[in-house]
Amino acid sequence: MRRKLAAGNWKMNGSIPALDMIRKLNLAHPECPVDVVLCPPAPLLGHALQNTAGSPVMIGAQDCHAEEKGAHTGDTAAPLIAEIGATHVIVGHSERRAAYGETDAQVAAKAAAAQAAGLIAIVCIGESLDEREDGRALDVIETQLAGSIPSGSAPETLVVAYEPIWAIGTGKTPTMDEIADVHARMRAKLSDRFGAAGESMRLLYGGSVKPDNADNIFALDNVDGALVGGASLSAEDFSPIITALSES
Ligand code: PEP
């Protein structure tokens with residue numbers, strides 16, 4: 001049985017007052033049957049954690065460095081993210097792959113660093129619009145999955161998020177069949193590589209998940225939750241997504 005997960009990626013948005021949404025989520029989901037993680041920008045991590053006492057909401061970072069420490073101005077070490085009490089870190093988001101040229105190997109190294117620090121790595125993969133239109137989406141996903149996931153991964157330390165680049169922040173989503181096909185392929189490949197553990201690794205869909213499409217997406221096989229961008233910025237949008245996941 002895979003525990004479902006609703007993860008919110010605030011990207012470079014939010015503020016200290018905006019963290020009040022954690023209190024609203026507490027009130028709306030006192031006995032939450034699914035995991036909920038919010039990933040605010042790094043300067044807000046400490047403040048966010050102060051708001052989570054007695055809350056089902058966990059806190060994650062949006063990136064980490066592959067090394068434990070050192071001369072890497074501006075970067076964030078995974079052990080430090082763990083030390084302050086955060087539990088997850090997103091790695092390999094397509095915005096970072098595009099803006100900083102992060103490769104699959106670098107993403108795998110970051111995920112391994114996160115796991116070594118005791119964090120759960122949320123590894124993002126996803127095809128571009130050209131790749132989807134050329135019929136190469138499944139091949140691209142397979143390559144990214146093989147290259148971005150460290151070999152020591154286990155269900156307790158790894159979550160994979162399928163995020164088609166062209167669906168992020170656009171209001172567009174793949175068809176339900178397309179999402180189901182990608183998730184089935186990811187499950188098959190993880191099972192080939194990790195055996196029974198691959199069956200227990202959680203697979204999220206991400207890309208324009210909203211309150212009005214969440215039910216359909218969460219009804220799909222092998223969709224164990226969502227990585228949510230824009231709709232995770234307010235309790236009004238994120239809460240119904242958590243409810244849809246809880247009821248799926
Ligand atoms: C994301 O940034 O990971 C994302 C899925 O964004 P959105 O939900 O806004 O498409």
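- To the nearest 0.5 Å, atoms CD1 (Ile141) and OG (Ser148) are separated by 9.5 Å.
- Here CZ of Phe238 is found 10.5 Å from OG1 of Thr243. Values are rounded to the nearest 0.5 Å.
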Output, in order, the C-alpha distance, side-chain angles, deciding distance and verdict of side-chain contact (heavy atoms from CB on, under 4.5 Å) for Ile22 and Ile59. CA-CA 10 Å; Ile22 296 173; Ile59 299 300; 4.1 Å; yes

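- Taking CG of Asp181 as the start and CG of Asn222 as the end, the distance is 11.0 Å to the nearest 0.5 Å.
- Remark: Met186 CE to Leu138 CG distance equals 10.0 Å, nearest 0.5 Å.
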Can you list the steps and then say if Met21 with Leu38 is a side-chain contact (heavy atoms from CB on, under 4.5 Å)? CA-CA 10 Å; Met21 86 175 261; Leu38 275 184; 4.3 Å; yes

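- Between the side chain of Arg2 and the main chain of Glu199, a donor-acceptor pair closer than 3.5 Å is present.
- Arg202 places a side-chain N or O within donor-acceptor distance of the main-chain N or O of Arg3, the cut-off being under 3.5 Å.
- Under 4.0 Å is where a charged nitrogen must lie from a carboxylate oxygen, and between Lys110 and Asp75 no such pair does.
- Clustering ILVMFWY residues whenever any of their side-chain heavy atoms sit less than 4.5 angstrom apart, transitively, puts Ile149 in the very cluster that holds Met201.
- Lys189 NZ: 12 or fewer foreign heavy atoms inside a 6.0 Å radius.
- The distance from atom CD1 of Ile90 to atom CG of Leu204, rounded to the nearest 0.5 Å, is 9.5 Å.
- In terms of heavy-atom proximity, Ala86 sits nearest to Leu49 at N-CD1, 3.8 Å.
- One finds the CZ atom of Arg132 at 11.5 Å from the CG atom of Asp134 (value rounded to the nearest 0.5 Å).
- For the pair Asp63 and Arg96, the minimum side-chain heavy-atom distance is below 4.5 Å.
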For Leu233 and Lys11, run side-chain contact (heavy atoms from CB on, under 4.5 Å): C-alpha distance rounded to whole Å, both residues' side-chain angles, the deciding distance at 0.1 Å, then the answer. CA-CA 10 Å; Leu233 288 169; Lys11 312 190 187 194; over 6 Å; no

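- Considering only heavy atoms from C-beta on, Leu27 stays 4.5 Å or farther from Lys24 through its side chain.
- Proximity of a side-chain donor or acceptor of Ser128 to a complementary backbone N or O of Glu131 within less than 3.5 Å is detected.
- For Gln144 (side chain) and Gly126 (main-chain N/O), a donor-acceptor pair under 3.5 Å exists by modelled atom type.
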Dump the intermediate steps for salt bridge (charged side-chain N to carboxylate O under 4.0 Å, His left out) on Glu127 and Arg136, then the final yes or no. CA-CA 8 Å; Glu127 82 283 1; Arg136 290 187 289 127; over 6 Å; no

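- Ring-plane geometry between His183 and Tyr205 is classed as tilted, the angle between the planes lying from 30 to 60 degrees on a 0 to 90 degree scale.
- Side-chain heavy atoms closer than 4.5 Å link hydrophobic residues (I, L, V, M, F, W, Y) into clusters, and following such links, even through other members, never connects Leu44 to Leu80.
- Judged purely by atom type and a 3.5 angstrom limit, Asn9 has no side-chain atom pairing as donor or acceptor with the backbone of Gly229.
- Between Gly60 and Pro40, the shortest heavy-atom distance links the atoms O-CD, 3.4 Å.
- Tracing side-chain contacts under 4.5 Å through hydrophobic residues (I, L, V, M, F, W, Y), one reaches Val57 starting from Ile242; they form part of the same cluster.
- You'll find the side chain of Gln62 stays beyond 4.5 Å of the side chain of His93, heavy atoms only.
- Here the closest non-hydrogen pair linking Gly46 and Ile84 is N-CD1, 4.4 Å.
- Linking ILVMFWY residues whenever their side-chain heavy atoms come closer than 4.5 Å, directly or via other members, places Ile120 and Val37 in the same cluster.
- Distance alone, capped at 3.5 Å, is enough to place a donor-acceptor pair between the Lys4 side chain and the Ser248 backbone.
- Although no hydrogens or angles enter the test, the distance criterion places a donor-acceptor pair under 3.5 Å between the side chain of Gln106 and the main chain of Thr103.
- Linking Ile, Leu, Val, Met, Phe, Trp and Tyr whenever their side-chain heavy atoms come within less than 4.5 Å leaves Val209 and Leu5 in two separate clusters.
- When all heavy atoms of Ala108 and Gly147 are compared, the pair lying nearest together is CB-O, 3.4 Å.
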side-chain contact (heavy atoms from CB on, under 4.5 Å) between Arg97 and Ile125: does it pass, once the steps are laid out? CA-CA 10 Å; Arg97 289 179 186 257; Ile125 58 176; 3.9 Å; yes

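- Between Leu203 and Tyr162, the closest side-chain pair of non-hydrogen atoms is not below 4.5 Å.
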Output, in order, the C-alpha distance, side-chain angles, deciding distance and verdict of salt bridge (charged side-chain N to carboxylate O under 4.0 Å, His left out) for Asp20 and Arg23. CA-CA 5 Å; Asp20 186 53; Arg23 185 186 56 78; 2.8 Å; yes

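- The side-chain heavy atoms of Asp237 and Val228, taken from C-beta on, include no pair separated by under 4.5 Å.
- Closest heavy-atom contact between Leu227 and Cys124: CD2-SG, 3.7 Å.
- Closest non-hydrogen pair, Ser94 versus Ile165, comes out as CB-CG1, 3.7 Å.
- In this structure, Ser208 contributes its side chain and Ala167 its backbone to a donor-acceptor pair below 3.5 Å.
- Side chain of Ser239 to backbone of Glu236: no donor-acceptor contact under 3.5 angstrom is found.
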